Amino acid sequence: MKLILIGYGTVGQSFTRIVLTKQKELVEKYGFSPKIVAIVDSKGAIINPEGLNLKKALKIKEEGKSVAVDRAYGHLNMSGLEAIENVEADIMIEVTPTNVKTGEPGLSHITAALKKKMHVITTNKGPLALALPTLLELATQNNVYLKFSGAVGAGLPVLDFAKKISLGDRIVAIRGILNGTTNFILTRMEEGIPFKNALEEAQKRGYAEADPSLDIDGIDTACKLVIMANWIMDKETTLRDVRVEGIRNIALEDVRDAMKRGFSVKLLGFINEDLVVKPTEIPKQDPLCVKGILNAITFKLELAGEETIIGRGAGGKETATAILRDLLEIAQTSVIM
Ligand code: HSE
């Protein structure tokens, strides 16, 4: 199966690292041998229809260069759209940084790939939060998959879990921690570390968005609410429908004061009648009261009551496992492996 990878930052690189280490297992266990034929970063592309040398691509990135510098296969300044147009592949993986204003360049990449009848896997929240119903329709029209398991919860299969528990039942409300970076920051603040230092640490560990204001101002959580509302609850909503307040104004004293009273401050997202993101004090014994990079989401069901799912909600490796999951699901229903 031939893949194009567009976006070669934390998530993209983690994905190629996993493909390299799991190569043998993928063939033995699933009969699946993915061939990455193009990788595009912000400065160009590297293309080989026979399959790229991923070790070499990773080494170039570790040296801080663009994959396009490769002498034999590099294409300086080639864009994602040009790669989609010129390279034959079965699947396009889109992991460029989230842009919530226009969804670009991810939105155009996804649209072009679907029109070219490639399956698409993405973890890019911008295009999904802005245009999920349209993109799903386009995928259906072209008889291909659009998969985005890693867009909510990173490696934690929040969307799949929600779909499963909705079968025969109905999710009436959702509340949860949907952003790892802010949970990491708030946890560090409970340990007395100032906001700024905690954010820097989250950035170094590859948890934060390329533009970390998306995390701390609650936009990333808002995107995830919109994706869930549309995908799980059939609520036609957009980012404009979400009331958003981030954690910029939370001081160390607020966190300490809440702790003394047996509470933790968390950035929560809510889907009820309305979609809301806001810092909220929750009791220590609430199942949502998880620490560090963890996400925790409670689904309220009409029949089954409340169910909570908890797991690591950010990070390159974590998100890349969701891509692999989507990929294997597509491979298992496809003739080309
Ligand atoms: N920046 C996001 C977070 C990455 O911290 O949750 C995962 O979507």
Side-chain angles (χ1 to χ4, degrees), residues 7 9-15 18 93-100 103 106 121-130 132 147-162 174-189 195-229 231 239 242 244 246-248 250 265-269 277-279 288 290-297 309-326:
T10 310
V11 175
Q13 288 174 46
S14 296
F15 174 69
I18 292 181
I93 300 173
E94 218 291 341
V95 288
T96 62
T98 291
N99 167 345
V100 290
I121 299 171
T122 188
T123 58
N124 188 339
K125 291 150 277 189
L128 300 177
L130 295 171
L132 185 56
K147 295 223 167 233
F148 45 90
S149 167
V152 181
L156 183 69
V158 179
L159 298 172
D160 297 330
F161 178 78
I174 300 175
R175 66 176 195 283
I177 298 173
L178 291 154
N179 181 268
T181 300
T182 48
N183 203 32
F184 180 85
I185 293 173
L186 291 167
T187 304
R188 278 282 191 260
M189 287 170 78
F195 180 95
K196 191 171 157 282
N197 303 44
L199 172 60
E200 276 167 16
E201 199 183 336
Q203 286 179 290
K204 257 189 223 133
R205 289 174 179 233
Y207 300 149
E209 295 300 302
D211 169 5
S213 64
L214 295 179
D215 296 292
I216 57 189
D217 291 329
I219 317 291
D220 179 74
T221 302
C223 285
K224 290 166 179 165
L225 288 185
V226 170
I227 295 168
M228 289 202 292
W231 177 242
L239 268 181
V242 192
V244 189
I247 63 161
R248 239 178 239 275
I250 305 289
V265 181
K266 300 291 181 192
L267 184 67
L268 293 192
V277 178
K278 63 173 182 202
L288 290 186
V290 295
K291 287 183 183 296
I293 199 62
L294 291 177
N295 279 190
I297 300 102
I309 180 170
I310 297 171
R312 294 171 67 82
K317 191 168 66 183
E318 290 81 352
T319 312
T321 63
I323 298 176
L324 184 59
R325 209 162 57 216
D326 285 344

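Residue indices begin at 1 and follow the sequence shown. Just follow the structure's listing: the first ligand is 1, and inside any ligand the first atom is 1. If you're wondering where the values come from, they're calculated on a predicted model, not measured in any experiment.
No side-chain heavy atom of Asn295 sits under 4.5 Å from any side-chain heavy atom of Ile310.
For Lys224 against Leu178, the heavy-atom pair with the smallest separation is NZ-O, 2.8 Å. Minimum interatomic distance between Ala320 and Ile18 (heavy atoms only, all atoms of both residues): CB-CD1, 3.7 Å. Here the closest heavy-atom approach between residue Ala322 and residue Gly150 is recorded as CB-CA, 3.4 Å. The minimum heavy-atom distance linking Val290 with Lys266 is given by the pair O-NZ, 2.8 Å.
Here the heavy atom of the protein found nearest to atom 4 (C) of ligand 1 is Glu209 OE2, 3.4 Å. The protein atom (non-hydrogen) at minimum distance from atom 6 (O) of ligand 1 is Gly180 N, 2.8 Å. In terms of protein heavy-atom proximity, atom 7 (C) of ligand 1 is closest to Gly313 O, 3.4 Å. Atom 5 (O) of ligand 1 has Thr181 OG1, 2.6 Å as its closest protein atom, hydrogens excluded (heavy atom only).
For ligand 1, the atoms closer than 4.0 angstrom to any heavy atom of Asn179 are 2 (C), 3 (C), 5 (O), 6 (O). Atoms of ligand 1 found under 4.0 Å from any heavy atom of Asp215, numbered from 1 in the order shown, are 1 (N), 2 (C), 3 (C), 5 (O). Those atoms of ligand 1 with a heavy atom of Lys125 less than 4.0 angstrom away are 2 (C), 4 (C), 7 (C), 8 (O).
A donor-acceptor pair shorter than 3.5 Å can be found between the side chains of Ser213 and Asp211.
The shortest heavy-atom distance from Ala154 to ligand 1 is not under 4.0 Å.
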